[in-house]
Amino acid sequence: MKALKECHSDIIEIYGYGVQVITALSTWHGWLRNQISSGKTKKSNRMFFSADEEDPNRPEAKYQYQRDVGHLLDVAAKEGPLSVLHRRSVVTLLYSTWEDRHRAMMATEIGLKSKDDLKSDVFKDVNVYRRAIIHAGGKLQDKPKVFCFFEKGEEVSLTQKHIDLIFRHVVEELNRIGREHYGTDPQFSFDKQLNAP
């Protein structure tokens, strides 16, 4: 059951990565709003971003990215383009972790001939969304079976509630795989008791 446990651990880490970045975007958005409302900057002011942590006042200082503060504020909004892009990347990473790292190891561990013999409607739907994001300009090309958030042809604009639901189902799917293929319920849980004794 080592491969199954490692898969669960990686999936929880991906979820953690996702919520940390969303929290950082929210903090960044609040900081920008505060800078504007306090008069420390204006929406029309430019911000410059550099990979080097050098003094920006030096004549030879370089930057790699720049935008005006108003643009940065808009794209970092709760349902703004950065949040949508980030949630899409989390779904892509989730499927890649399953398909490229854990599925084959679990198939071997449980004695299947190939990773393709380890079937999952849940991960199949995650792949439906991944394919829409990566190969179809964000438009859903196939009808999902489990995660029916959007209709075929609609844009995949995942909310945090969608992401939470996907991860909740993925954790339950790992429990199903445990029961069906390992003969035991690993009792993985998406929700943990905050104030447990």
Side-chain angles (χ1 to χ4, degrees), residues 3-4 6-33 47-51 63-106 115 118 120-174 188 190-192:
L4 185 65
E6 286 177 4
C7 183
H8 174 258
S9 178
D10 282 356
I11 285 168
I12 296 303
E13 288 305 315
I14 292 168
Y15 181 80
Y17 156 74
V19 294
Q20 287 177 63
V21 171
I22 289 297
T23 301
L25 282 173
S26 175
T27 301
W28 168 245
H29 187 263
W31 183 82
L32 288 170
R33 263 196 345 253
M47 287 187 80
F48 298 87
F49 299 86
S50 171
Y63 71 93
Q64 289 74 45
Y65 182 74
Q66 53 92 17
R67 286 290 182 265
D68 64 56
V69 173
H71 172 82
L72 295 171
L73 182 70
D74 291 343
V75 298
K78 185 176 182 180
E79 295 303 324
L82 285 181
S83 295
V84 172
L85 177 64
H86 173 64
R87 288 190 288 263
R88 285 178 170 184
S89 71
V90 166
V91 166
T92 302
L93 181 59
L94 174 62
Y95 185 75
S96 177
T97 298
W98 159 257
E99 186 63 23
D100 299 332
R101 178 169 161 78
H102 296 292
R103 190 176 180 195
M105 288 191 298
M106 281 190 275
K115 71 178 185 177
L118 182 55
S120 169
D121 287 339
V122 169
F123 283 106
K124 187 175 182 180
D125 266 15
V126 174
N127 191 34
V128 165
Y129 282 98
R130 182 201 65 84
R131 283 196 319 265
I133 291 162
I134 293 178
H135 301 295
K139 303 277 186 195
L140 201 58
Q141 299 298 299
D142 300 305
K143 185 172 175 54
K145 187 174 183 179
V146 179
F147 304 121
C148 302
F149 307 137
F150 309 100
E151 295 294 323
K152 187 174 175 180
E154 288 184 336
E155 186 170 343
V156 176
S157 293
L158 297 164
T159 66
Q160 190 58 43
K161 286 185 180 181
H162 292 140
I163 294 296
D164 291 349
L165 191 60
I166 288 169
F167 276 85
R168 185 176 308 282
H169 278 282
V170 163
V171 170
E172 283 305 311
E173 181 66 356
L174 295 180
F188 298 134
F190 182 68
D191 298 306
K192 285 44 168 202

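Note that these values count all heavy atoms, side chains included, but never hydrogens, waters or copies made by symmetry. The model shown is predicted, which means the values in this text are computed figures rather than measured ones.
At distances below 3.5 Å, at least one donor-acceptor pair connects side-chain atoms of Gln141 with backbone N or O atoms of Lys139. Side-chain N or O atoms of Thr27 include one that pairs as donor or acceptor with a backbone N or O of Thr23 at under 3.5 Å. Checking side-chain atoms of Arg87 against main-chain N and O of Ile163 turns up no donor-acceptor pair under 3.5 Å. Arg67 places no side-chain N or O within donor-acceptor distance of the main-chain N or O of Leu72, the cut-off being under 3.5 Å. A donor-acceptor pair under 3.5 Å is formed between the side chain of Thr97 and the backbone N or O of Leu93.
You'll find the side chain of Trp98 stays beyond 4.5 Å of the side chain of Val122, heavy atoms only. For the pair Val126/Val146, no side-chain contact is recorded, criterion being any heavy-atom separation below 4.5 Å from C-beta on. Considering only heavy atoms from C-beta on, Lys78 stays 4.5 Å or farther from Gln160 through its side chain.
With rounding to the nearest 0.5 angstrom, the CG atom of Leu25 is 12.0 Å from the CD atom of Gln20. Rounding to the nearest 0.5 Å places NE2 of His102 at 8.0 Å from OG of Ser9. Rounding to the nearest 0.5 Å gives a distance of 11.5 Å between CG of Leu94 and CD of Glu99. Of the inter-residue distances, the one linking Ile133 atom CD1 with Asn127 atom CG reads 10.5 Å to the nearest 0.5 angstrom. Atoms CD1 and CD, on Ile166 and Glu173 in that order, are 13.5 Å from each other to the nearest 0.5 Å. Here the CD atom belonging to Glu154 is positioned 8.0 Å from the CG atom belonging to Leu140, to the nearest 0.5 angstrom.
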Checklist entry - Step by step, would you call His135 with Arg130 a side chain to side chain contact (heavy atoms under 4.5 Å, CB included)? => result CA-CA 8 Å; His135 301 295; Arg130 182 201 65 84; 3.8 Å; yes
Next on the checklist: side chain to side chain contact (heavy atoms under 4.5 Å, CB included) for Val128 and Lys143? Distances and angles first, verdict last.
Outcome noted: CA-CA 8 Å; Val128 165; Lys143 185 172 175 54; over 6 Å; no
Next on the checklist: Checking Phe188 against Ile12 for the side chain to side chain contact (heavy atoms under 4.5 Å, CB included) test, could you report, in this order, the C-alpha distance in whole Å, the side-chain angles of both residues, the deciding distance, and whether it holds?
Outcome noted: CA-CA 10 Å; Phe188 298 134; Ile12 296 303; over 6 Å; no
Next on the checklist: Under the criterion side chain to side chain contact (heavy atoms under 4.5 Å, CB included), I'd like the reasoning laid out for Thr159 against Phe149: C-alpha separation, chi angles, the key distance, then a yes or no.
Outcome noted: CA-CA 10 Å; Thr159 66; Phe149 307 137; over 6 Å; no
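Taking the six-membered ring where tryptophan is involved, the planes of His86 and Tyr17 are perpendicular, since the angle between them exceeds 60° and thus also 30°.
Shown here is Lys192, whose NZ atom has more than 12 heavy atoms of other residues, nucleotides or ligands within 6.0 Å. Residue Glu151 qualifies as open at atom CD: its count of foreign heavy atoms under 6.0 Å is 12 or below.
In terms of heavy-atom proximity, Gly18 sits nearest to Val90 at CA-CG2, 4.0 Å. Pairing each heavy atom of Leu174 with each of His8, the nearest pair is CD1-CA, 3.6 Å. Counting all heavy atoms, side chain and backbone alike, Ser83 lies closest to Ala77 at OG-O, 3.4 Å.
Side-chain contact of Asp164 with Tyr15: a donor-acceptor pair under 3.5 Å is present, judged by distance alone.
For the ring pair (Phe, Tyr, Trp, His ring centres under 6.0 Å) test with His162, the passing option among Phe150, Phe147, Tyr129 is Phe150; the others fail.
The pair Arg88-Glu155 meets the salt-bridge criterion, with a side-chain N (NZ, NE, NH1 or NH2) lying under 4.0 Å from an Asp/Glu carboxylate O.
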